[in-house]
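Because only heavy atoms are used, hydrogens play no part in the values below, and waters and symmetry mates are left out as well, while side chains stay in.
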Protein chains: 2
Amino acid sequence: MRQPLPADMFDELCPSSLNPIRFGFGDKWAALVIRCLQDGPRRFSELRVPLGRVTAKGLTRSLRSLERGGLVRRTVVAGAGSRVEYELTPLGRSMLAPMAVACAWAEDHWDELLEARESHDAASLDRAG
Amino acid sequence: MRQPLPADMFDELCPSSLNPIRFGFGDKWAALVIRCLQDGPRRFSELRVPLGRVTAKGLTRSLRSLERGGLVRRTVVAGAGSRVEYELTPLGRSMLAPMAVACAWAEDHWDELLEARESHDAASLDRAG
DNA sequence: CAGCATCCATTTAGATACTG
DNA sequence: CAGTATCTAAATGGATGCTG
């Protein structure tokens, strides 16, 4: 079933959101967009919910970039008012697996990553007096 | 055996170089640096060879970022002249596997990615007249 | 609703010159 | 050798207002 996307899907501290591995289709939202599309087509406004802090411009840019790379297909749905749907192409879908691997790694090592960063920063501050 | 790093290790058209998946430790070189370190410690100047178009500043920034994330350890080797070695920490080493998965995906779908991009661009030009 | 245009602030990257 | 300092250019991101 395609549930509506939860607004807290990418909470600030969730590893998949602050994931140090970025899938570089041009911008910082692309990887998150792909995850949002994994359960089927979504509309533009639907995608804005879980991303929270993305602007229309940012989301548009992300989607265009993914479209250009052949990972996402954009479809204008006939009917009353504007309605556009985005969905993963087979190519885009094939990216879900490596992405899951990367996210699993990030989750597994999240604490280590944070700790390393903190102790490094603390040591730097030390040296700076 | 630790061979010297080949200058053509990341040739312009090699998928692992133009990899659309970027491991986001701050900059565009980080993922490539990690691959360069996979066979053991390397010196600063040694790392510049396979990266080719990186500047000293860019490489320094990358290495600092990786150090901060706890993926790379920097060691000043005592002796005549300056000598600094960089090597992967266990955490950094644990990243090689997900990275290999991502690179394999990129290689497998490289042609599709290029083709999608080209046909998309061609269609855009078409519309633009 | 789904954007594009415009303006502006911030971040990031490269070139170049210089240092312990 | 292994950087740092400085400047500049380019990319990125957000805010706001407008359009079919």
- Item | Proximity to the side chain of B:Arg83 - top-ranked nucleotide from C:dC7, D:dG3, D:dA2 | D:dA2
- Item | Presence of donor-acceptor pair under 3.5 Å, side chain of B:Ser82 and base of C:dG20 | yes
- Task: Could you state the atom-to-atom distance from CG of A:Leu59 to C1' of D:dA15 in whole Å?
- Result: 16 Å
- Could you tell me whether the side chain of B:Lys57 has a donor or acceptor atom within less than 3.5 Å of a complementary atom in the base of D:dT6? yes
- Message: Can you see if the side chain of B:Tyr86 gets near the phosphate of D:dC1 - specifically, an N or O under 4.0 Å from OP1 or OP2?
- Response: no
- Query: Is B:Glu46 salt-bridged to B:Arg48, cutoff N-O under 4.0 Å?
  - Reply: no
- Output the single nucleotide from C:dA13, D:dT4, D:dA2 whose closest atom is nearest the side chain of B:Thr60. D:dT4
- Do NZ/NE/NH1/NH2 and the carboxylate oxygens of A:Arg117 and A:Glu115 come within less than 4.0 Å? no
- Considering only heavy side-chain atoms of B:Ala56, the closest of D:dG3, C:dG3, D:dA2 is D:dG3
- Looking for any heavy atom pair under 4.0 Å, which part of the strands does A:Arg74 touch: base, sugar-phosphate only, or nothing? sugar-phosphate
- Query: When you check the phosphate oxygens OP1 and OP2 of C:dA2, does a side-chain N or O of A:Arg43 lie under 4.0 Å from one of them?
  - Reply: yes
- Query: Phosphate oxygens OP1/OP2 of D:dG3: is one of them under 4.0 Å from a side-chain N or O of B:Arg64?
  - Reply: yes
- Quickly work out the A:Glu46 CD to C:dC1 P distance and round it to whole Å. 12 Å
- Tell me, do A:Thr89 and A:Val72 make a side-chain contact under 4.5 Å, heavy atoms counted? no
- Message: So, OP1 or OP2 of C:dG14: does either fall under 4.0 Å of a side-chain N or O from B:Thr55?
- Response: no
- Message: At less than 4.0 Å, is any side-chain N or O atom of B:Trp29 found next to OP1 or OP2 of C:dT12? Yes or no.
- Response: no
- Query: Taking atom CG of B:Leu71 and atom OG of B:Ser94, what is their separation to the nearest 0.5 Å?
  - Reply: 7.5 Å
- Provide, to the nearest angstrom, the distance between the CZ atom belonging to B:Arg61 and the P atom belonging to C:dA15. 12 Å
- Starting at the 5' end of DNA chain D, which residue's closest nucleotide do you reach first, B:Leu63 or A:Gly58? B:Leu63
